[in-house]
Amino acid sequence: MLSIVLPDDSKKELEEGATAADLAASIGPGLQKAALAATINGVPSDLSTPLHDGDDVAILTAKQPEGLAILRHSTAHILAEAVIELFADVALGYGPSIENGFYYDFQTPDQITPESFEKLEARMREIIAADKPFVREVVSRQKAQEIFADQPLKLETLDELDPSEEVVVYRHGDHVELCHGPHVPSAGTIPSDSFEIARTSGAYWKGDSSKQMLQRVYGNQFATKKELKAFNEMMEEAKARDHRILGPRLGIFETFEEVGPGLPLFFPNGARVVRTLQEWLRRDLYAAGYEEVITPHIYKSDVWKTSGHYDFYQENMYFFTVNEKQETDGISPTLKKSEAGEGQEFGVKPMNCPGHVLLYNSDLHSYRDLPLRYFEFGTVYRHELSGAVNGLFRARGFTQDDAHIFCREDQVIDEVTEIMKLVDHIMSTFDLSYEAEISTRPAHSIGTDDMWDKAENFLKEACKQRNIPFDINEGDGAFYGPKIDIKVKDSIGRTWQCSTIQVDFNLPERFDLTYRTKDNSTARPWMLHRAIFGSIERFLGILIEHYSGALPLWLAPVQAVIIPIADRHLDYAEKIAHEMRAVGGRVDVDTHSEPMRAKIAKAQEQKIPYMLIVGDKEAQNNTVSVRERKEGDLGIQSVEDFTRTLADAQI
């Protein structure tokens, strides 16, 4: 008999030769039906895998992320099978599971278009109905080369396998894939109404722009038809909230082809919102003991060489050479060209940290000076591929609410805890729920084991002190230190990565940062990077979609529009607008010669929180007729009362 250890540490006795499928059946008919695969001693495996005495085994279903990923990957294979049958001369790339579904890359002279989707889905469902098994087979390299003789992309992948690695193929009827698996037991395990072909795009083979362009076919897939329907409804809602559409429509930002991709320009409304966000956060940062600094947009390349960006981040940066003209006034005519700065290379900053490090290093520091907290609303520029640029979410030029904290080791937990408190304040203000993810030491990193262990434990302890749930993302920290990423959830359930808190062992070492300890020795400070909004532009894009453009009163670029019924009421409208602006209210007067209803409709479309209607009666009584964008008519209010409403809404 075999003794198998289950996830709850209980044990199940099975006969010799039993498989993971037998284990699922022994637990119960419900699990037997729902089982897709298993993890055996932590390794994802097919249900047909034989078990051994003492194995730790967990049965995977579509309710678990790992099980759903296997379901999606198996469906990608079904898609490949259908494409080979329906299109000519198909070369297969590969087809992984991804968030919300799967994709597969193909090379074919035929165009796979949306008009093909219905036919593809129909053929996939026929393949699923045939319910043929997925069969794993280990083959020799020679055998694999014979199997994929007419599949050049598979042969290329085969050639790149480590010589010591076994070659695994999966057979599904006559269709064969070079794949490590695992897969669901048979095609019939896949619910035929749980997926749909969603879209196509171009994709370079293996993401390398020097290689051939393939056709990538995406599919959406969930565990059930109900979940797929809910996802599609969310996506329709997301389209209606798309900040790339709402932003220009609301006069917040626009991108222009002549400027270049990823470089948004902000209209007055957008500038108001950005400045309001900055002023709000600036006030809280000063109260928390931060000091504001301003650093230039460009530095000589020497700075980037010292920081390491020149060697490790150069492809994402913009560099240029300065050839300065030699002046005769005030400069010796014998001055060498090098002294005049001719031919010096400069880099546009992709990050603010080197400037803050230089400011720290410009003076001597004692343990009594720490923590030292520098913050900056610093605009940075990064060379993103034009195809990756996405409105405000991924831009080439953006502003970070950046801060760097230089502290002693015994201060790290308190500093991270205070940052988390600030995160909570910001996110709760916008009704954004969130969780944390702590990324730990990657395979290639700097720093001692002791430093990494301490830093990771400091981050965990800070989350625990703030009662913030966190996941561990093993091995995904930066090479220079672990980090906390804050994942927020918006009003329609989408998750966004915003705030980051990062420990840095690299820059203090590279720039030789020090402070004098209590016993008058020299020590290296701990350095924390942190951004709450992250990119202010990206955070604004999230807010636009979170609120569907209807920003809260305190943040709205125009808080109220005054709508005179007739031209004779314009003077009164301007008079009360002046009073409201005097308390900080952001108020416009609609002076256009349009019917009142048209003006109200326009204000509603612009998501303006309040519309103030003024006519003879209002002018005579110093009142306004108030309409709120959601609640509609709120009746008559005195100008004094409504002005107080605006005053109370200022940051």
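Distance check, rounded to the nearest 0.5 Å: OH of Tyr290 to CG of Leu281 gives 9.0 Å. The SG atom of Cys353 lies 8.0 Å from the CD atom of Gln400; values are rounded to the nearest 0.5 Å. Taken to the nearest 0.5 Å, the CG atom of Leu551 stands 12.0 Å off from the CD1 atom of Ile608. Atom SG of Cys498 is separated from atom CG of Leu432 by 7.0 Å, given to the nearest 0.5 angstrom. Separation of atoms OG1 (Thr255) and CG (Leu392) is listed at 9.0 Å; rounding is to 0.5 Å. Here Ile468 contributes atom CD1 and Ile438 contributes atom CD1; the two are 9.5 Å apart, rounded to the nearest 0.5 Å.
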Checklist entry - Stepwise, does the ring pair (Phe, Tyr, Trp, His ring centres under 6.0 Å) test hold for Phe430 with Trp554? => result CA-CA 11 Å; Phe430 296 110; Trp554 70 272; 5.8 Å; yes
Checklist entry - Which is it for Glu345 and Lys300 under the salt bridge (charged side-chain N to carboxylate O under 4.0 Å, His left out) test, yes or no, and what are the steps along the way? => result CA-CA 6 Å; Glu345 186 181 46; Lys300 289 197 301 184; over 6 Å; no
Next on the checklist: As a quick check of understanding, evaluate salt bridge (charged side-chain N to carboxylate O under 4.0 Å, His left out) for Glu435 and Lys489, giving each step before the final call.
Outcome noted: CA-CA 9 Å; Glu435 292 183 349; Lys489 186 170 286 188; over 6 Å; no
Next on the checklist: The test is ring pair (Phe, Tyr, Trp, His ring centres under 6.0 Å); show your working for Tyr360 and Phe406 and say whether it passes.
Outcome noted: CA-CA 8 Å; Tyr360 175 91; Phe406 306 91; 4.6 Å; yes
Checklist entry - Going through the checks in order, is the ring pair (Phe, Tyr, Trp, His ring centres under 6.0 Å) test met by Phe102 and Tyr218? => result CA-CA 6 Å; Phe102 56 88; Tyr218 287 92; 9.2 Å; no
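Between Glu605 and Lys602 there is no salt bridge, since none of the side-chain N atoms of the basic residue sits less than 4.0 Å from a carboxylate O of the acidic one. Ionic pairing of Glu291 and Arg373 is not present here: no N-O contact between side-chain nitrogen and carboxylate oxygen is shorter than 4.0 angstrom. Here Lys575 pairs with Glu579 in a salt bridge; the nearest charged N to carboxylate O distance falls below 4.0 Å. Glu437 has no carboxylate O lying under 4.0 Å from a charged side-chain N of Lys483, or vice versa, which leaves the two without a salt bridge. By the 4.0 Å N-to-carboxylate-O rule, Arg627 lies too far from Asp633 to be salt-bridged with it. Here Asp208 does not pair with Lys206 in a salt bridge; the nearest charged N to carboxylate O distance is not below 4.0 Å. With respect to Lys421 and Glu418, a salt bridge is recorded, a charged nitrogen being found less than 4.0 Å from a carboxylate O. Under a 4.0 Å N-O distance rule, the pair Arg282/Glu292 qualifies as a salt bridge. A salt bridge between Glu376 and Lys349 is present, with a side-chain N of the basic residue lying under 4.0 Å from a carboxylate O of the acidic one. A salt bridge links Arg241 to Glu237: one of the charged nitrogens lies within less than 4.0 Å of a carboxylate oxygen.
In terms of heavy-atom proximity, Ala573 sits nearest to Pro564 at CB-CG, 4.4 Å. In plain terms, the two heavy atoms of Val83 and Val90 that are nearest each other are O-CG2, 3.8 Å. Minimum interatomic distance between Gly347 and Trp304 (heavy atoms only, all atoms of both residues): O-NE1, 3.3 Å. Of all heavy-atom pairs between Val587 and Ala577, the closest is CG1-CB, 4.2 Å.
Under the 3.5 Å distance criterion, with hydrogens and angles disregarded, no donor-acceptor pair is assigned to the side chains of Thr108 and Gln111. Using a 3.5 Å distance cut-off with no hydrogens or angles, the side chains of Thr113 and Glu115 do pair a donor with an acceptor. With 3.5 Å as the limit, one finds a donor-acceptor pair spanning the side chains of Gln650 and Gln559. Between the side chains of Glu196 and Asn232, at least one donor-acceptor pair of N or O atoms lies under 3.5 Å. With hydrogens and angles left out, the side-chain atoms of Asn100 and Arg72 include no donor and acceptor closer than 3.5 Å. Under 3.5 Å, the side chains of His383 and Asn316 contain no donor-acceptor pair of N or O atoms.
Aromatic ring orientation, Phe320 versus Phe346: parallel (interplanar angle below 30°, classes split at 30° and 60°). His529 and His404 have perpendicular rings, their planes meeting at more than 60° on a 0 to 90° scale where under 30° would count as parallel. Between Tyr374 and His356, the ring planes are perpendicular. Angles over 60° get that label, and only those under 30° would be called parallel. Under the 30°/60° scheme for interplanar angles, the aromatic rings of Phe377 and Phe375 are found to stand perpendicular. Under the 30°/60° scheme for interplanar angles, the aromatic rings of Phe222 and Phe231 are found to be tilted. Ring planes of Tyr381 and His297: tilted class, angle from 30 to 60°.
A side-chain donor-acceptor contact under 3.5 Å links Arg629 to the backbone of Lys607. Under a 3.5 Å cut-off, the side chain of Arg396 and the backbone N or O of Arg382 do not form any donor-acceptor pair. The backbone N or O of Thr295 lies less than 3.5 Å from no partner atom in the side chain of Asn352, so there is not a single donor-acceptor pair. Judged by distance alone, with hydrogens and angles left aside, the side-chain atoms of Glu537 form a donor-acceptor pair with the main-chain N or O of Thr399 at under 3.5 Å. The backbone N or O of Gly219 lies less than 3.5 Å from no partner atom in the side chain of Arg199, so there is not a single donor-acceptor pair. In this structure a side-chain-to-backbone donor-acceptor pair under 3.5 Å is present from Arg538 to Gln497. Side chain of Gln502 to backbone of Gly477: no donor-acceptor contact under 3.5 angstrom is found. Listed for the His243 side chain is no donor-acceptor partner under 3.5 Å among the backbone atoms of Glu545. Panel note: side chain Asn473, backbone Asp476; no donor-acceptor pair is recorded below 3.5 Å.
Within a 6.0 Å sphere centred on CG of Leu385, heavy atoms belonging to other residues, nucleotides or ligands number 12 at most.
Asp485 has its side chain within reach of Ser439: a pair of non-hydrogen atoms, C-beta onward, lies under 4.5 Å apart.
Remark: Lys305 qualifies as a cation-pi partner of Tyr310 under the 6.0 Å distance and 45° angle criteria applied to the six-membered ring.
Under the ring pair (Phe, Tyr, Trp, His ring centres under 6.0 Å) rule, Phe539 has a single partner from Phe393, Phe533, Trp496, Phe398, which is Phe533.
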